[in-house]
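Notes follow the structure.
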Amino acid sequence: MLTRDEIFEVLQTVPDPEVPVISVVELGVVRDVVISGEAVTVTMTPTYSGCPAMREMEADIRTALNARGIAQVDVQLVLSPAWTTDWIGPEAREKLRKYGIAPPGKAEPQGLVMLTRARQPVPCPRCGSRDTRLQSEFGSTACKAIHTCNACREPFDEFKAL
Amino acid sequence: MGGQAGIVHKQPDFQVAAPRRAPIADPLVEYLLRLGDDRLVLGHRMSEWCGHGPILEEDIAMSNIALDLIGHAQSLLQLAGELEGQGRDADALAYFRDGVQYRNCLMVELPNGDFAFTMVRQFLFDTYSVLLWDALSRCEHPQLAAIAAKSLKEDKYHLRHSSEWVVRLGDGTEESHARAQAALDQLWRYVGELFDHDEVNDAVAGEALIAVDHAAIRALWETMVKDALQRATLTLPAEQGTRRGGRRGLHTEHLGHMLATMQSVARAHPGASW
């Protein structure tokens, strides 16, 4: 049986199916790994409630651990604490930026906020300009928004802060 | 639980006889079905825009919002099924209940109408939903509090989106203003049902410690809605009779048609997986 650290190393090789440049561990969805005899329980937290990639991640985690000789893999979903993009570390953020996705800013505090609050422009991941505009709150996946850079004229995705 | 008299509301708009009603077996299950059904039905309505959005970004936005709402519904219905203990999961509850067994409010089952109607409805419901989740995230039922805290984050995005559209449409062209105002006027009579408080609310407050102050939520809701409507240059509709009944399974004719579509594949192939 692999150690807990070795299992985390294996999971580090499992990419996010929609943002393959970072792993499910870097995304922060893997909350815990518990080894009990020959069985491994992986606890995951869903990113977005309706994210269709969750089942894919679950299957990929199972496949990766099966391939390393762990036959019994139990994946459990936990809702609390709710997933936040603050769990994405600095290295993974840099990977996102290099991939062309603006990394998430700081998540808003829990609870209610003013509807009319001002929003900071998101820096362009390509040229770094802050002269950008929001194109759409909702991008190709639930976790992304679409912006356009006025400086280099390129559209880009933003990993939304949640 | 109170007698039959306690649950009969005045029905100013519907000429239907109150059906004989089975006693509520488990108020907590009933309460979760209300929360789940609101989101499932509204999520399905939003999904009907997929491929029909006025612009590509909006098509994607509405599909994303639909996914979130259906995701919230799935969590809520899953929990309802577990607590009910009769072997029904979220799919069984979504696809194998008939209209009279649905507990959603009437507002969410109304046909989408035009884009303004969809967005104004979304705005009115999102505002309510965000306030409700905020309250429920602090309730003492751990599983519901977890679902609420998670859903609140996503619904805040939805509300930002729908409120900006309401302002844009209201304060837009003559045409968009007229359509947004017509939508608001039509939807206003369905608002009251969102804040109804009945014996189910009393029971879950007592047993499951899910106490939500609907009057306080309504007051906050009105402040937020009035603020956005003012920015949208829309006129607050006059008080009207409230249309209600959804919480007791008394729906408009639209729900049955919607469910026929929504449930057709699951009912044609029960037990199928893909």
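Residue numbers begin at 1 in each chain, while the letters A, B, ... track the order of the sequences. Note that this is a predicted model, so its numbers are computed, not measured. For the numbers below, each heavy atom of this structure counts, side chains included, while hydrogens, waters and symmetry mates do not.
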What part of T84(A) gets closer than 4.5 Å to chain B, counting heavy atoms only: side chain, backbone, both or neither?
->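 Answer is both: backbone and side chain atoms of T84(A) are under 4.5 Å from chain B.
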Region of P46(A) that comes under 4.5 Å of a non-hydrogen atom in chain B =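 Its backbone and side chain both get close to chain B.
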Report the option among E154(B), M224(B), K156(B) that has the most heavy-atom pairs separated by less than 4.5 Å from atoms of chain A.
->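 Maximum pair count with chain A is reached by E154(B).
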M62(B), K153(B), E164(B), H72(B): which one forms the most heavy-atom pairs within less than 4.5 Å of chain A?
->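 Option with the greatest count: K153(B).
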So, for R45(B) and E109(B), which heavy atoms are closest and what is the spacing to 0.1 Å?
->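 Residues R45(B) and E109(B), closest heavy atoms: NH2-O, 2.6 Å.
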Smallest separation among heavy atoms of T132(A) and C149(A), with atom names =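 Of all heavy-atom pairs spanning T132(A) and C149(A), the closest is CG2-CA, 3.9 Å.
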Basic-acidic side-chain contact under 4.0 Å: [X], [Y]:
X	Y	value
E58(A)	R55(A)	no
R34(B)	D38(B)	no
K95(A)	E26(A)	yes
E137(A)	R119(A)	yes

For [X], is it the side chain, the backbone, both, or neither that has a heavy atom closer than 4.5 Å to a heavy atom of chain A?
X	result
S137(B)	neither
L159(B)	both
K150(B)	both
R138(B)	neither
D68(B)	both

Given side-chain hydrogen bond (donor to acceptor under 3.5 Å, both in side chains), test E58(B) with W165(B) step by step and report yes or no.
-> CA-CA 10 Å; E58(B) 208 43 42; W165(B) 265 115; 3.0 Å; yes
Chain B contacts, top residue of M54(A), E108(A), Q135(A), K160(A) (heavy-atom pairs, under 4.5 Å) =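 Greatest number of close heavy-atom pairs with chain B: K160(A).
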